[in-house]
Amino acid sequence: MTKLAASLRTIAIAAAIVTGTAHAASPAAPAPAATSVVIVHGAFADGSDWAKVIPMLQAKGVKVTAIQNPLTSLKDDAAVARRVLDAQSGKVVLVGHSWGGTVITEAGAHDKVAALVYVAAFAPDAGQASGELGKGYTPSPGIGKLVADSEGFLTLPPEAMRDDFAQDLPAAQTAVMSATQGPIKGSAFGDKASNAAWKVKPSWYIVSTKDRMIDPQLQRAMAKKIGAHTTELPSSHVPQQSRPADVAKVILEAVAASKG
């Protein structure tokens with residue numbers, strides 16, 4: 001074999017090796033991102049209100065983000081929710097507790113939201129405010145105990161947190177909840193939703209049958225109105241604290257349904 005032929009043969013072999021290596025190293029198409037969960041807490045609480053449920057979801061491999069709401073207005077809280085949703089890599093199950101239900105109703109039209117989960121939560125229609133939803137229902141005991149400061153922010157006194165917000169939890173725990181509660185601007189309950197995400201997104205609703213903040217009958221009516229998959233739990237206003245496994249189960253059902 002001549003030197004020229006040998007050189008050409010060597011070049012051909014090297015090219016074949018390089019080409020084969022290039023093909024082998026080509027990355028496969030990325031798998032779709034797993035469905036994550038974003039949680040919007042309610043009034044008189046913060047993200048730690050979900051500290052019992054979050055580990056249960058994480059144990060199933062679900063990424064969870066708990067939002068810290070400013071609780072200053074529907075516009076402000078929805079803006080925070082949208083910012084967090086923008087940062088998610090795939091589909092999202094958006095969860096809202098109490099006032100957080102109004103926030104997910106407003107922000108849940110986001111393209112990444114695959115499903116909504118309402119937990120003892122408000123579910124207004126477009127053009128409707130949270131404060132309008134209780135008309136025609138017996139005033140809940142806890143609502144009458146709210147205290148407003150000089151700037152119109154509302155809080156629950158310790159005894160109301162213990163007796164009306166979380167009456168099925170130990171007093172030592174409700175004392176901590178009282179100390180860490182997030183005051184809400186009272187005017188927020190008059191802010192009207194500009195859209196109703198539940199009209200276009202599948203929804204789940206957990207009714208707290210011993211709720212002393214939002215009438216259980218009102219919760220049932222809202223769940224029916226939005227066509228939600230409904231679960232009833234014999235709990236206070238915070239089933240995520242007193243029945244975390246049951247709440248996690250409902251959220252995981254929504255996650256499973258959103259994978260298709």
Side-chain angles (χ1 to χ4, degrees), residues 27-43 45-51 53-119 121-130 182-185 187-189 191-206 226 228 240 247-248 250-260:
T35 300
S36 60
V37 169
V38 171
I39 299 172
V40 182
H41 67 79
D46 64 7
S48 67
D49 196 38
W50 286 82
V53 173
I54 290 171
M56 295 179 179
L57 301 178
Q58 292 174 332
K60 297 295 185 180
V62 178
K63 178 192 172 191
V64 185
T65 303
I67 290 174
Q68 299 293 343
N69 290 324
L71 298 175
T72 46
S73 69
L74 176 56
K75 179 181 177 180
D76 292 346
D77 285 8
V80 171
R82 292 188 188 100
R83 189 184 74 230
V84 173
L85 291 169
D86 285 341
Q88 305 306 304
S89 58
K91 294 179 180 180
V92 177
V93 170
L94 187 58
V95 181
H97 170 243
S98 192
W99 159 255
T102 299
V103 179
I104 70 172
T105 296
E106 180 73 12
H110 194 287
D111 290 344
K112 292 182 180 179
V113 174
L116 305 168
V117 178
Y118 292 81
V119 181
F122 293 119
D125 203 340
Q128 192 174 36
S130 303
I184 186 169
K185 186 79 168 178
S187 58
F189 291 112
D191 293 343
K192 297 181 184 295
S194 62
N195 62 72
W198 48 262
K199 290 184 176 179
V200 293
K201 305 293 173 79
S203 300
W204 279 253
Y205 197 110
I206 295 175
I226 70 176
Q240 66 271 26
V247 173
V250 172
I251 295 172
L252 290 170
E253 287 174 2
V255 170
S258 301
K259 289 181 177 179

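In this text the structure is predicted, and so the values were computed from the model without any measurement.
Atom NZ of K201 is separated from atom CG of L116 by 7.0 Å, given to the nearest 0.5 angstrom. Rounded to the nearest 0.5 angstrom, L94 CG and S258 OG are separated by 11.0 Å.
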- request: Would you sort out whether T105 and Y118 count as a side-chain contact (heavy atoms from CB on, under 4.5 Å), showing the intermediate values?
  value: CA-CA 9 Å; T105 296; Y118 292 81; 2.8 Å; yes

message: Please evaluate residues V37 and W50 with respect to the criterion side-chain contact (heavy atoms from CB on, under 4.5 Å), reporting the C-alpha separation (whole Å), side-chain torsions for both, the decisive distance (0.1 Å), and the verdict.
response: CA-CA 12 Å; V37 169; W50 286 82; over 6 Å; no

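Counting only residues at least two apart or in different chains, ring-ring contact (aromatic ring centres under 6.0 Å, His included) contacts with residues 63-85 are absent. Judged as a ring-ring contact (aromatic ring centres under 6.0 Å, His included), the pairs with a partner in residues 63-106 (not counting sequence neighbours) are, in order, H97-H237, W99-F189. Counting only residues at least two apart or on different chains, no ring-ring contact (aromatic ring centres under 6.0 Å, His included) pair has a member in residues 55-85.
Among all heavy-atom pairs drawn from V117 and A254, the shortest one is CG2-CB, 3.8 Å. Residues A257 and W204 come closest through the heavy atom pair CB-CH2, 3.8 Å. Taking every heavy atom of both residues into account, S203 and I226 meet most closely at CB-CD1, 4.0 Å. Among all heavy-atom pairs drawn from P183 and L71, the shortest one is O-CB, 3.5 Å. Taking both residues in full, the closest heavy atoms of S98 and G42 are given as CB-CA, 4.3 Å, listed atom of the first, atom of the second, then distance. In plain terms, the two heavy atoms of Q240 and D49 that are nearest each other are NE2-OD2, 2.6 Å.
Scored by the side-chain hydrogen bond (donor to acceptor under 3.5 Å, both in side chains) test, D86 finds H110 as partners (sequence neighbours excluded). P70 meets the side-chain contact (heavy atoms from CB on, under 4.5 Å) test with T72, D76, D77, V80; sequence neighbours excluded. Residues satisfying the side-chain contact (heavy atoms from CB on, under 4.5 Å) test with Q128, not counting sequence neighbours, are P124, D125, E132, L133, K225. Applying the side-chain contact (heavy atoms from CB on, under 4.5 Å) rule to K75 yields the partners S73; only residues at least two apart in sequence or on another chain are considered. In terms of the side-chain hydrogen bond (donor to acceptor under 3.5 Å, both in side chains) criterion, residue partners of D46 (sequence neighbours excluded) are, by chain and number, S48. For the side-chain contact (heavy atoms from CB on, under 4.5 Å) test, residues two or more places apart in sequence or in another chain that qualify with A107 are A78, A81, R82.
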Counting only pairs under 3.5 Å, give me each side-chain donor-acceptor contact of residues 54-69, with atom names and distances, residues two or more places apart or in other chains.
| from | atom 1 | to | atom 2 | distance (Å) |
| --- | --- | --- | --- | --- |
| K63 | NZ | Q88 | OE1 | 3.3 |
| Q68 | OE1 | G47 | N | 3.2 |
| N69 | ND2 | H41 | O | 2.8 |

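Between the side chains of S130 and T102, a donor-acceptor pair is found at a separation under 3.5 Å.
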